[in-house]
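The structure appears below as structure tokens.
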Amino acid sequence: MPTRREFARTAVAAGLGAGLCSKSDCWLATAAETPQWWLSPGRSLRECARERGLYFGAAVDPDRLDVEGLAAGRSRDGYTTLVNAEAGMVVAENAMKWKALRPTPSTFDFTAADQLMRFAALAGQQVRGHNLCWHQALPDWFRETASGVNARQLLVDHIRTVAGRYRGRIHSWDVVNEAIEPADGRPDALRHSPWLTLLGPEYIEIAFRAAAEADPLARLTYNDYGIEAESPEQNVKRGQVLLLLRRLKVRGVPLHAVGIQGHLLAGGPAFGPGLVNFIREAARMGLEVYITELDVNTRAVPGGAAEQDAAVASLYRSFLSQVLAEPNVPLVLIWGLTSAFSWLNDPGESWGHRPDGSRQRPLPFDDRLEPTPTFQAIEQAIRLAHPPTVTPAAAPEPNDGEDPNLFQPFAVKGSPAPASPNSER
Ligand code: XIL
């Protein structure tokens, strides 16, 4: 059985999918034949971002990386070379999720996650941790095993073990992922997640406090999607995310950043003041804003590769030019580097399916690991970025002695979400 990485290498070299490797199959064969344009100093996105004081990086699957080859200084694997050259920061696309780490209730399997840490150390890359608490990617045993009695211990033990293992080596952890879902109908807009059912709204605070104890140096992040575009739904969700962040800050919960996933939809609503106000509101709370999972879904864009590329590059341009103008946005991660391995081309992800069955091109490198017009769009946006300022830790919120109620909505200046009349501050 070939490993996934061997398969990927063979697939790329064999030109799987769309006739991979037009330049030559050979550029993957020897380092000397690797195209030099993205390896030359100053031309990689990693390098561009570093010059601007930012981090640029990508989600990766450690199983596809030739870690041993890199360690021995002789990797000829195209994907490994690309990740090494282009990403100044990496995040595990799946390898640090519960499902990957927790084969049984009492055991952990760190094989893939450790591989990623090793790769990043060899490549001089920062690592984001993703994620410690989410309603998805829970192991099959979770449903039968987790109960109101043991859930708190389960969550805290998991966070202590995972964040503790990598203590001091993680730039930032997505501590809680996707906790807000206004469509679920609760006044606090919390999603009906298993964690909410088992522990109540306090689960969020429990997770952040456990993460802070386990890794005091990591920047602790709340991460969510559907908060990018100018639509009524996304306006409401942005407001509710801000309310959640505000509640956490008021309660003194250790929270340093909010992650905007950035799974963008070509042909969807544009980006504008709602997004920018959200980032500024986060800055007023002393929070950094990370772009954590950027990609563009072209399922609604008719035409061929050129039409897709134009739509994707244009969305990256408009999104990144707005977010990178804000000084509290120090990093951009994209969800994969090449469409060859993008989740949007995964047959199981139905929202990625294009009606004509053609492959998505959501990232700066295509199925052949060649740059798409999106590469240049990202490069230009990074060059024009406002250099990030280090956000000082926010002073504790004034507290009149009462324990602020986590369930009570209150107004946040600039928030589009309505607040009850007696909750004005
Ligand atoms: C996705 C992965 O890319 C897929 O491979 C996996 O099958 C499902 O999860 N928001 C997140 C990510 O926070 O963890 C998700 O990643 C994409 C949406």
Side-chain angles (χ1 to χ4, degrees), residues 134-136 176-193 196 201 204 221-249 258-285 287 289-302 311-312 314-326 328-329 335 344 349-352 362 406-425:
W134 191 25
H135 64 285
Q136 283 186 28
V176 174
N177 199 30
E178 304 180 353
I180 293 289
E181 178 46 281
D184 281 356
R186 288 173 53 100
D188 58 11
L190 289 182
R191 177 190 294 277
H192 285 304
S193 113
L196 183 78
I204 299 175
T221 309
Y222 173 76
N223 193 44
D224 216 328
Y225 69 93
I227 49 176
E228 299 84 7
E230 292 295 308
S231 72
E233 294 75 23
Q234 299 210 8
N235 267 338
V236 167
K237 185 157 178 180
R238 270 193 289 274
Q240 294 292 359
V241 169
L242 285 174
L243 286 168
L244 170 66
L245 301 176
R246 196 70 171 164
R247 286 197 285 274
L248 296 173
K249 291 298 276 183
V258 53
I260 297 177
Q261 290 186 4
H263 292 294
L264 310 182
L265 182 64
F271 316 108
L275 175 64
V276 173
N277 286 341
F278 177 87
I279 296 171
R280 292 182 183 169
E281 195 62 51
R284 276 192 277 274
M285 286 188 233
L287 298 175
V289 176
Y290 302 149
I291 309 304
T292 51
E293 306 185 15
L294 186 58
D295 63 7
V296 175
N297 187 335
T298 55
R299 62 164 194 251
V301 177
V312 173
S314 140
L315 240 60
Y316 271 83
R317 217 172 250 120
S318 109
F319 179 77
L320 286 178
S321 64
Q322 298 194 51
V323 300
L324 290 180
E326 301 303 313
N328 60 326
V329 182
W335 208 237
L344 294 174
E349 304 284 2
S350 54
W351 61 88
L406 193 62
F407 307 91
Q408 173 78 41
F410 55 84
V412 174
K413 198 166 150 268
S415 163
S420 65
N422 59 0
S423 63
E424 292 287 325
R425 291 171 62 88

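No hydrogens, no waters, no symmetry mates; every other heavy atom, side chains included, goes into these values. On a predicted model such as this, the values are computed, not experimentally measured, just so you know.
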task = Find out whether Thr292 and Trp335 are in side-chain contact, i.e. whether some heavy atom of one side chain is under 4.5 Å from a heavy atom of the other.
result = no
NZ/NE/NH1/NH2 to OD/OE distance under 4.0 Å, Asp188 and Arg247 = no
ask   = How many angstroms lie between CG in Leu244 and CD1 in Ile180, if you round to the nearest 0.5 Å?
value = 4.5 Å
ask   = Between Gln136 and Asn177, does any side-chain donor sit less than 3.5 Å from a side-chain acceptor?
value = no
message = So Leu320 and Leu294, do their side chains get closer than 4.5 Å, heavy atoms only?
response = yes
ask   = Within a strict 4.5 Å, meaning less than it, do heavy atoms of the Val323 and Val289 side chains meet?
value = no
key: Met285 CE to Arg246 CZ distance, which is reported to the nearest 0.5 Å   = 5.5 Å
task = Please report the closest heavy-atom contact between Leu196 and Arg191, naming both atoms and the distance.
result = CD2-O, 3.2 Å
query = Do the side chain of Asn328 and the main chain of Ile279 share a donor and acceptor less than 3.5 angstrom apart?
reply = yes
Gap separating the CD atom of Glu349 from the CG atom of Leu344, nearest 0.5 angstrom = 7.5 Å
task = Kindly indicate whether the side chain of Phe278, heavy atoms from C-beta on, has any atom under 4.5 Å from the side chain of Val241.
result = yes
query = Hey, does Leu243 have a side-chain heavy atom less than 4.5 Å from the side chain of Gln240?
reply = yes
key: For the student: nearest non-hydrogen atoms of Ala266 and Ala300, plus distance   = O-CB, 3.9 Å
query = What do the steps show when you test Asn235 against Arg238 for side chain to side chain contact (heavy atoms under 4.5 Å, CB included), and what is the final call?
reply = CA-CA 5 Å; Asn235 267 338; Arg238 270 193 289 274; 2.6 Å; yes
inquiry  = Looking at every heavy atom in both Gln234 and Ala229, which two are closest together, and how far apart are they?
reply    = OE1-N, 2.7 Å
ask   = Ile260 versus Leu275: any side-chain heavy-atom pair under 4.5 Å?
value = yes
request  = Indicate the atoms forming the closest heavy-atom contact of Leu245 with Leu287, along with that distance.
outcome  = CD1-CD1, 3.9 Å
key: Tyr225 backbone acceptor or donor facing Lys237 side chain under 3.5 Å   = yes
Nearest non-hydrogen partners of Ala282 and Leu242, listed with the distance = N-CD2, 4.4 Å
ask   = For the residue pair Val176 and Tyr222, what are the closest heavy atoms and their distance?
value = O-CD1, 3.5 Å
ask   = Is there a side-chain contact between Phe271 and Leu315 (heavy atoms, below 4.5 Å)?
value = yes
request  = Indicate whether any N or O donor in one side chain lies under 3.5 Å from an N or O acceptor in the other, for Asn277 and Arg280.
outcome  = no
Note, Phe319 side chain near Val296 side chain (heavy atom, < 4.5 Å) = no
ask   = Would a distance-only check, ignoring hydrogens and angles, find a side-chain to backbone donor-acceptor pair under 3.5 Å from His263 to Glu293?
value = yes
Side chains of Glu181 and His192, donor plus acceptor under 3.5 Å = no
inquiry  = Distance check, rounded to the nearest 0.5 Å: Ile291 atom CD1 versus Glu228 atom CD?
reply    = 8.0 Å
